[in-house]
Amino acid sequence: MAKQNNKRDFRRSNIPNGGYNKKQENVKVNNGVFVYNRALTVGELANELKINAAEIIKFLFLNKKMVTINQTLDDETIGLICLQFGYDFRKEKLVSEENFEEMEIVDKPEDLKSRAPIVTIMGHVDHGKTTLIDAIRNSRLVDSEVGGISQAIGAYQKEIDGHKITFLDTPGHEAFTAMRSRGAAVTDIVVLVVAADDGVMPQTIEAIDHAKAAGVPIIVAINKIDKDGANVERIKSELMNYDIIPEEYGGDTICCEISAKKNIGIKELLEAIIVVSEMLELKANPDRYAIGTVIEAKLDKGEGPKATLLVQNGSLTTQDYVVVGTAYGKIRRMTNEYKKIVKVATPSTPVSVIGLSEVPNAGDHFMAFPTEKQAKEIAFKRQLIKKQEEQNASGGMTLDDLYNRIHEGETQIVNLIVKADTTGSAEAIKSSLVKLCNEQVKLNIIHCTAGAITDSDIMLASASGAIIYGFNVRPSSLISQKAEQQKVEIRLYRIIYDLLNEMEAAMKGMLKKEIVERVTGQAEVRSLIKISKIGTVAGCYVTSGSIKANSLIRLIRDGIIVYEGKIKSLKRFKDDAKEVKEGFECGINIENFNDIRENDIIEGYEMVEKE
């Protein structure tokens, strides 16, 4: 135990300020390079460069810039002055400790040690991503998934032939694009799962785009090779359309043929991951305070706020104080994916932790600090920043503003409150619902978070006229009664497809019906009969569709519309007709128009509601 404490002390004593190098506000000249990280006046710059301020003012005057000694200079002007007086220049970004995700991590080469690769499993829905994880871990995760579809990011670690590999299992449904994007942002290698009997699908393409945007290598796992209709060569050919060139075709992408269900080719896939990771030479410094990313977070009834953290650098211990997003706390307990206690989480290790002040958001960054006071202060500053950003984003909109917007113009606004079991699911549902918006119906998500449906949700829904959508959550009987009293509608779902499909159908029902024109038919004028007190009657032959009595018509002459009006009478021989179809003759008298000529075209049309 003493050794462990010594190691912990060693880590802290050798990494000042919690393990990051925070640039202090300074200005200096170093080996002919002027380094600065803040705004400077003419006088301050002259003092640092050891030159007379008058020389700077004169130089700028000759370049048509009028300045005074106390005037603040922009970066471009500072650069021009430095070059004029024989200095190179460099501006460094000044980062405050509450923005620790922007801080520059500086590690000595001798402190870096090899770490496990972080591998993200990506691909289209139902192509076998979770089944592949099961094959690697010898587990049955897929049995526990609603509808057999992953609806959160899972993080798992496996040791293979002495090599540890961390796997992230991302959902394949398009609703979780944002979650896959986060997965690619923290990953070293992407394993792209493509079903051999299905091919490259929309989410396959999205996964490729995310991996390319993150600049990480892709290993293709062509799954379900045991199924009828499997065509490996077709999959490789389709992938080449997206610049994924297999090695055998002269590219640099490893393609592994596997069957996750029958455990075929899994060993070869793992060997390929190890080979690629060795080429990447992945390293981190375990002897510093941990930094990393939140993979998933939720509110546990028994344990409170709970988050799955992926350590990306440094080591996280159960004695550490952490800031996670805007939450903070002391790590009370860390467990791995098997729910076993972990005392120290080294780089590339995913752990589930409890002890936070609130539920963070999936994708938030975290960092460990030496004292609770420091962690609390930084979390408080981050909360203020977030609150200010939200106020700026919302523009201080009140409920009165909300009601005014609902009644403005033709756009209908539907207020929604989304409650889900995890922050990742809530975020995915929100992004999917936003995509459903159109010019006539806008979905206004006024509250979206993880956790149970509460009294405050009912009150907010009642005040704003919102519908509450619950995903994998159930209201208590008291909450249901209150919702009924307040006439608040709560809709509950367990599969995201159902939620999105129902909302889309509801939106179609709300759309203002668009009136469009539909041509019913055309008739060619072949003879003219002038009748007193009636006018000109056109003897016509219906060339297409049908002409209906009382129909709207347009008279077309040499391709030009010369009149638009209405049919006054439609006859077959001497009898009135309701409709005359293609291939039959008829007599047409146009209301208030007699200037009809032979070979004119009478086109009938009607105005109908578009679906």
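Enclosure of atom CD in Glu110 by more than 12 non-hydrogen atoms of other residues, nucleotides or ligands within 6.0 angstrom is indicated.
Side-chain contact, Thr41 with Gln71: no donor N or O sits under 3.5 Å from an acceptor N or O. With hydrogens and angles left out, the side-chain atoms of Thr326 and Arg382 include no donor and acceptor closer than 3.5 Å.
Under 4.0 Å is where a charged nitrogen must lie from a carboxylate oxygen, and between Asp111 and Lys283 no such pair does. One finds a salt bridge joining Arg491 and Glu489 here, because a Lys/Arg side-chain nitrogen approaches an Asp/Glu carboxylate oxygen to under 4.0 Å.
Thr423 pairs by the side-chain hydrogen bond (donor to acceptor under 3.5 Å, both in side chains) definition with Glu296, not counting sequence neighbours. Partners of Glu303 according to the side-chain hydrogen bond (donor to acceptor under 3.5 Å, both in side chains) rule, which considers only residues two or more places apart in sequence or in another chain, are Lys306, Arg333.
Aromatic pair Tyr289/Phe369: centroids not less than 6.0 angstrom apart. The distance between the ring centers of Tyr36 and Phe34 falls below 6.0 angstrom.
Residue Ile165 forms a side chain to side chain contact (heavy atoms under 4.5 Å, CB included) with just one option from Val119, Ile189, Ile136, and that option is Val119. Of the candidates Asn285, Asp188, Thr166, Asp188 is the only one forming a side chain to side chain donor-acceptor pair (under 3.5 Å) with Arg115.
Listed by first and then second residue, the salt bridge (charged side-chain N to carboxylate O under 4.0 Å, His left out) pairs involving residues 67-79 are Asp75-Lys91 (not counting sequence neighbours). Counting only residues at least two apart or in different chains, salt bridge (charged side-chain N to carboxylate O under 4.0 Å, His left out) contacts with residues 349-363 are absent. Within the structure, every pair that satisfies the salt bridge (charged side-chain N to carboxylate O under 4.0 Å, His left out) test and touches residues 466-482, not counting sequence neighbours, is listed here: Asp455-Lys482.
From Leu492, atom CG reaches atom CG of Asn472 across 10.0 Å, with rounding to the nearest 0.5 Å.
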N/O donor-acceptor pairs under 3.5 Å from side chains in residues 334-341, not counting sequence neighbours:
| residue | atom | partner | partner atom | Å |
| --- | --- | --- | --- | --- |
| Asn336 | OD1 | Tyr338 | N | 2.9 |
| Asn336 | OD1 | Lys339 | N | 3.2 |
| Asn336 | OD1 | Lys340 | N | 3.0 |
| Glu337 | OE2 | Gln157 | N | 2.7 |

